[in-house]
Amino acid sequence: MSVIETALAKLKKGESPNKADIRNQRRANVSDIAAADNQTTRRFLPATFDSVLMERNCVLPQVADQAALRAYKILRTRLLQRLSANKWQSVAVTGTESGQGKTLTAINLAITLAQDPNTRVCLVDLDLQRPQLAGHMGMGFELGLGDYLLGACQAEQIMYQSNYPHLVIIPNSKRFEHSSEVLAGARMLDLMRIIEAEMPRHVVIFDMPPLLLADDVLTFAPQVDGVLLVVAEGLTRRATVEKAKELLTDMNLLGVVLNQSSERDTSVYY
């Protein structure tokens with residue numbers, strides 16, 4: 001049975017737990033007073049970034065394309081409106097298959113959100129099968145998410161301050177063969193509680209594997225408020241989108257990002 005068929009079978013059996021109940025139970029343990037203190041006093045580990053590599057990989061702010069910059073700002077505003085209206089704060093970014101730009105979308109969305117003076121962001125590389133977030137940014141770090149999940153370090157040792165004051169990054173360099181089981185494990189659930197306690201007012205962006213290549217998104221969906229789907233013009237097939245739509249039925253789909261579009265807005269202002 002394929003990954004897609006297995007995932008659909010789980011949905012039909014009703015094995016997916018109630019998302020709101022899981023998140024609310026976890027958040028109920030976070031003290032508002034302690035959270036407010038952490039918001040002003042928490043200091044995260046330093047990390048290095050390669051601006052040349054970021055430019056080569058089209059990572060903001062190294063992008064000079066004004067149309068692309070406008071598009072990311074529009075995406076930021078639309079996302080913030082949806083999150084605010086529903087009092088949500090966590091988003092899983094995924095694609096249908098590989099090569100559609102979901103990691104770059106997650107990175108640039110997080111950076112654009114962090115450029116807003118009223119928004120704090122935590123970006124997490126949760127693609128345990130093919131972690132690429134740090135590689136896209138040329139990010140140098142010592143310990144990452146994989147080390148924490150293996151029990152080799154504490155959560156505070158994998159949270160890094162980016163070159164944006166409002167952006168914290170949790171990178172990863174380790175691959176996991178049974179990634180969905182790791183995502184459902186106690187270490188990952190503990191990390192979710194810690195993130196909410198340490199960064200209670202942050203928008204948390206999770207870069208996740210493609211929806212149709214693993215059951216990771218389906219497994220982790222109850223832990224997040226919504227899913228952002230990335231598709232690519234000329235690459236994403238209609239049949240693939242239909243399969244993704246069926247899997248996303250019980251998830252909060254925040255929207256669909258059309259990547260690599262040939263349509264361009266080259267005007268100076270509008």
Side-chain angles (χ1 to χ4, degrees), residues 47-80 90-116 119 121-141 144-145 160 162-164 166-173 175 203-214 216-217 224 226-236 240-241 244 253-265:
T48 59
F49 297 86
D50 187 336
S51 59
V52 174
L53 189 60
M54 290 173 67
E55 182 176 8
R56 186 184 309 155
N57 291 328
C58 300
V59 174
L60 299 176
Q62 311 301 329
V63 178
D65 187 337
Q66 292 300 312
L69 296 175
R70 283 197 295 271
Y72 277 115
K73 287 185 178 181
I74 291 172
L75 176 60
R76 172 187 67 187
T77 302
R78 293 289 297 275
L79 179 63
L80 286 175
S90 56
V91 181
V93 179
T94 185
T96 58
E97 297 174 308
S98 60
Q100 297 172 340
K102 54 93 181 172
T103 296
L104 181 61
T105 300
I107 293 172
N108 283 347
L109 174 59
I111 292 174
T112 309
L113 284 165
Q115 290 174 335
D116 183 288
T119 305
V121 189
C122 177
L123 175 61
V124 185
D125 191 342
L126 211 57
D127 190 338
L128 301 183
Q129 297 193 13
R130 193 184 175 195
Q132 299 185 88
L133 193 152
H136 273 58
M137 305 181 75
M139 179 180 176
F141 62 96
L145 176 62
Y160 296 88
S162 73
N163 42 7
Y164 286 94
H166 289 182
L167 176 59
V168 177
I169 299 177
I170 298 179
N172 182 36
S173 60
R175 298 187 181 194
V203 175
V204 186
I205 306 291
F206 296 97
D207 176 34
M208 299 205 67
L211 182 64
L212 302 183
L213 298 185
D216 292 32
V217 176
V224 296
V227 177
L228 189 66
L229 180 67
V230 178
V231 298
E233 183 176 301
L235 292 177
T236 307
T240 301
V241 175
L253 180 61
L254 297 172
V256 179
V257 176
L258 176 61
N259 199 25
Q260 302 180 28
S261 174
S262 59
E263 183 176 342
R264 306 295 296 165
D265 177 8

Chemist: What I'd like to find out is whether the side chain of Leu253 reaches to under 4.5 Å of the side chain of Leu229, using heavy atoms alone.
Modeler: yes
Chemist: Does the side chain of Leu104 reach to within under 4.5 Å of the side chain of Asn57, using non-hydrogen atoms?
Modeler: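 No, their side chains stay 4.5 Å or more apart.
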Chemist: Between atom OG1 of Thr236 and atom CG of Leu258, what is the distance when rounded to the nearest 0.5 Å?
Modeler: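 Answer rounded to 0.5 Å: 8.0 Å.
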Chemist: For a 4.5 angstrom cut-off between non-hydrogen side-chain atoms, does Val59 reach Glu55?
Modeler: no
Chemist: Please tabulate, one pair per line, all N/O donor-acceptor pairs under 3.5 Å involving side-chain atoms of residues 128-139, not counting sequence neighbours.
Modeler:
from	atom 1	to	atom 2	distance (Å)
Gln129	NE2	Ser179	OG	3.0
His136	ND1	Gln132	O	3.0

Chemist: Enter the distance from Lys102:NZ to Thr105:OG1 here, rounded to the nearest 0.5 Å.
Modeler: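 Spacing of NZ (Lys102) from OG1 (Thr105) equals 10.0 Å.
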Chemist: Quick check: do Val224 and Phe206 have side-chain heavy atoms less than 4.5 Å from each other?
Modeler: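 SC-SC contact between Val224 and Phe206 confirmed.
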Chemist: Restricting to non-hydrogen atoms, name the atom on Ser98 and the atom on Leu213 that form the minimum distance, rounded to 0.1 Å.
Modeler: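 Heavy atoms only, the tightest pair is N-CD1, 3.8 Å.
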Chemist: With rounding to the nearest 0.5 angstrom, report the CG to CG distance, Asp127 to Asp216.
Modeler: 7.5 Å
Chemist: In the structure I gave you, are the side-chain heavy atoms of Tyr164 and Pro61 within less than 4.5 Å of one another anywhere?
Modeler: yes
Chemist: Which heavy-atom pair separates Cys58 from Val63 by the least distance, and what is that distance?
Modeler: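 Heavy atoms of Cys58 and Val63 come nearest at O-CG2, 3.3 Å.
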Chemist: Among Val204, Ile107, Ile170, Val203, find the residue that satisfies the side-chain contact (heavy atoms from CB on, under 4.5 Å) test when tested with Leu123.
Modeler: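 Answer after filtering Val204, Ile107, Ile170, Val203: Ile107.
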Chemist: For the atom pair CG (Asn108) and CD1 (Ile205), what is the distance rounded to the nearest 0.5 Å?
Modeler: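 Answer rounded to 0.5 Å: 12.0 Å.
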Chemist: Do Leu113 and Ile111 touch side chain to side chain, with heavy atoms closer than 4.5 Å?
Modeler: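 A side-chain contact under 4.5 Å is absent here.
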Chemist: Start with the C-alpha distance between Arg76 and Leu79, add both sets of side-chain angles, then the distance that settles side-chain contact (heavy atoms from CB on, under 4.5 Å), and finish with yes or no.
Modeler: CA-CA 5 Å; Arg76 172 187 67 187; Leu79 179 63; 5.9 Å; no
Chemist: Evaluate the side-chain contact (heavy atoms from CB on, under 4.5 Å) criterion for residues Thr112 and Leu60: first the C-alpha distance (whole Å), next the side-chain angles of each, then the deciding distance (0.1 Å), finally the verdict.
Modeler: CA-CA 8 Å; Thr112 309; Leu60 299 176; 3.2 Å; yes
Chemist: To the closest 0.5 Å, what do you measure between CD1 (Ile169) and CG (Asp207)?
Modeler: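 Atom-to-atom, Ile169:CD1 and Asp207:CG are 11.5 Å apart.
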Chemist: Show your reasoning for whether side-chain contact (heavy atoms from CB on, under 4.5 Å) applies to Val91 and Val227.
Modeler: CA-CA 6 Å; Val91 181; Val227 177; over 6 Å; no
Chemist: Say whether, by atom type as modelled, one donor and one acceptor occur between the side chain of Asn259 and the main chain of Gln100 under 3.5 angstrom.
Modeler: yes
Chemist: Taking side chain to side chain donor-acceptor pair (under 3.5 Å) as the test, write out the residues that go with Asp125, two or more places apart.
Modeler: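 Side chain to side chain donor-acceptor pair (under 3.5 Å) check on Asp125 returns nothing, list empty.
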Chemist: So which atom in Val217 and which in Pro209 form the shortest heavy-atom distance, rounded to 0.1 Å?
Modeler: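 That would be CG2-O, 3.6 Å.
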Chemist: Find the distance between CG (Leu228) and CE (Met208) and round it off to the nearest 0.5 Å.
Modeler: 13.0 Å
Chemist: With a 3.5 Å distance limit and no angle check, can you tell me whether Thr119 reaches the backbone of Ala114 through a side-chain donor-acceptor pair?
Modeler: no
